[in-house]
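Before any comments, here is the structure.
Here is how names work: the chains are called A, B, and so on, in the same order as the sequence lines, proteins then strands, and each is numbered from 1.
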Amino acid sequence: MVNFDKVTFEYIRRDEEGNVESINKALDGIDLDVKKGDFIAILGANGSGKSTLARHINALLTPTEGTVYIEEMDTKDEDNLLNIRQKTGMVFQNPDNQIIASLVEEDVGFGPENIGIPTKEIWERVAFALEKVGMTAYREKSPNNLSGGQKQRVAIAGILAMKPECIVLDEPTAMLDPKGRREVIETITELNKKEGITIILITHYMTEVVGADKVYVMNGGNVKLSGTPREIFKEVDLLKEYKLDVPQVTEIAHRLRQQGIQLPDCILTVDELVAALGAGICL
Amino acid sequence: MSLILDKINYYYGKGTAFESAALKNISLAIPDGEFIGIIGHTGSGKSTLIQHMNGLIKADSGSIYYNGKDIYDKDFKMTDLRRKVGLVFQYPEHQLFEATVIKDVLFGPTNMGMDKLKAELAAYGALKAVGIGDDLIDASPFELSGGQKRRVAIAGVLAMSPEILVLDEPTAGLDPAGRTELLNLLKEIHETKGITVILVSHSMEDVAEYAERLIVIDEGEIKYDDEPRKVFAHADELRKMGLEIPQCTELMGKLADAGLNVDRSCLTVEEAVNSIIGAIS
């Protein structure tokens, strides 16, 4: 679905005469292979290249070197642009910057209308998309009065109405309260499981990554670690070196193990640790 | 320097068909030198509340006293209050505008009428307090990383030497290391300068670890105002308000339910680890 082949991207700054002032390598030889239907999470410190990578997936940026393929389509080929952007939608951090219409249903219908979908089908798509994100009841409401989590779900519905195969979310929960965060993560998890939509989630919240199929950890424009959440969160010290963290329970289990308490290798959830400690006590 | 809010009410769209109460009967005393956390879901009234604290929004009824003086009095100098209560908004780095870091930080104190030398001392002191080194003071703010920009923006408020520093979600969008770094910085400013810090946050883990007092706002009302340990004992009520409890507090509750003799009220990883070890051995 999404393939990066030795992708390098440089932000080049030029002075007034057009001479190169400085070059900042944001991506440095990235290889990535995301299969259709995968739930991928990308972790990394501020400035590690996550957002630059995300912007390559729907051709907002194209590589300085190397190639990005979205289902065999090269993102550098301008003839593919419309097709690529329809297949891969993006959700950004601030919900207020992504909503444009005065009614929820108009906002969701904006994308399909823009690419010339017949009116009847637009409404079908709007109804479908709102139902999938659980926002049907707000269809004729103004987006202004929605909570942050609801606004992000409307933004996701707007992308769903384009019938995408892949959704890229760049820190979609950074500005949300705990309930909003939970709503957004539940919504994308369900879209992944039930609709088979490929999800690429960028986040700074370690607990949101626990349900992913595969996690990539970026640092300095490179992918430093990749694997299942369990494989990644084993590397407590390495993650801290990359300015990241692990969920609190994982850290607690890690420290207990250091104190000689027998526990399974990598604990990811509260229930796992409760079960593991409970089993230990019974023995 | 104390700030007292007495029965504050504030309405959006007062007198129109859309009138709705944003703050209902808020009474709050903020004495010297506390580290206070404020939590509440989006739209609960947190931001409206903190904007009352330095007079940016005027209450529809009720009074606010700063050092015993009513701030709504005709002869009260609002500029005094604004100088003493520094407000750092969400994404403060979007408000950086000067050509260099030092000029940006100087803007506040100069604008307040501080003389040049004093203002410069204040600006250098503030930048040092937020950990921005001499190598960066002449750089363009736009060349800095996200975390650095945010610290420069906070320095701009610190340079006005406030007695109360109010921050609206200062860690949003920062990576875990940046988050810890910024919170430790606030803790240090609080401890060394004795500044009252009021931290509005969506991260339960952060307020649990740093705040000494936690205020919960829901539908424009104060629901809890207590030690974080006592507030987070109300897990079900908090969830109903769209909030959460820290993951380690949740863990300890479940372990206690399972029959392990641990302290339910643990707020940090450190406390949880010690309590579990104590219970097992």
[X] and [Y]: which non-hydrogen atoms are nearest, and at how many Å?
X       : Y       : answer
Q247(B) : V249(A) : OE1-N, 3.2 Å
L251(B) : L273(A) : CD2-CD2, 3.5 Å
P176(B) : M206(A) : CG-CE, 3.5 Å
L277(A) : I280(B) : CD2-CD1, 3.7 Å
E251(A) : V269(B) : CG-CG1, 3.4 Å
N46(A)  : G173(B) : ND2-O, 3.1 Å

- Query: Between R255(A) and E270(B), does at least one N-O distance fall below 4.0 Å, as a salt bridge requires?
  - Reply: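 Looking at R255(A) and E270(B), the cut-off is met.
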- Query: Salt bridge between R182(A) and E244(B), side-chain N to carboxylate O under 4.0 Å?
  - Reply: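 E244(B) and R182(A): salt-bridged.
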Please classify the contact between [X] and chain B as side chain, backbone, both or neither, with a heavy-atom cut-off of under 4.5 Å.
X       : answer
L43(A)  : neither
N94(A)  : neither
T203(A) : neither
L244(A) : both

More than 12 non-hydrogen atoms from neighbouring residues, nucleotides or ligands closer than 6.0 Å to [atom1] on [X], yes or no?
X       : atom1 : result
N19(A)  : CG    : yes
N24(A)  : CG    : yes
Y138(A) : OH    : no
K243(A) : NZ    : no
K14(B)  : NZ    : yes

Once you round to the nearest 0.5 Å, how far does [atom1] of [X] lie from [atom2] of [Y]?
X       : Y       : atom1 : atom2 : answer
T42(B)  : Q150(A) : OG1   : CD    : 9.5 Å
D245(A) : D175(B) : CG    : CG    : 10.0 Å
S203(B) : H204(A) : OG    : NE2   : 13.0 Å
M252(B) : I252(A) : CE    : CD1   : 7.0 Å
L238(B) : K179(A) : CG    : NZ    : 14.0 Å
Y205(A) : R179(B) : OH    : CZ    : 5.0 Å

Is it the side chain or the backbone of [X] that comes within 4.5 Å of chain A heavy atoms, both, or neither?
X       : value
A172(B) : both
E181(B) : neither
E271(B) : neither
M241(B) : neither
I39(B)  : neither

- List the steps, then state whether side-chain contact (heavy atoms from CB on, under 4.5 Å) holds for L256(A) with V273(B). CA-CA 6 Å; L256(A) 289 173; V273(B) 169; 4.1 Å; yes
- Message: Does any part of the side chain of Q248(A), heavy atoms only, come nearer than 4.5 Å to the side chain of P246(B), both counted from C-beta?
- Response: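 Yes, side chains in contact.
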- Query: Top residue by heavy-atom pair count (under 4.5 Å) with chain B, among Q259(A), M175(A), E171(A)?
  - Reply: M175(A)
- Could you walk me through whether H202(B) and L176(A) pass the side-chain contact (heavy atoms from CB on, under 4.5 Å) test, one step at a time? CA-CA 7 Å; H202(B) 280 325; L176(A) 306 184; 5.8 Å; no
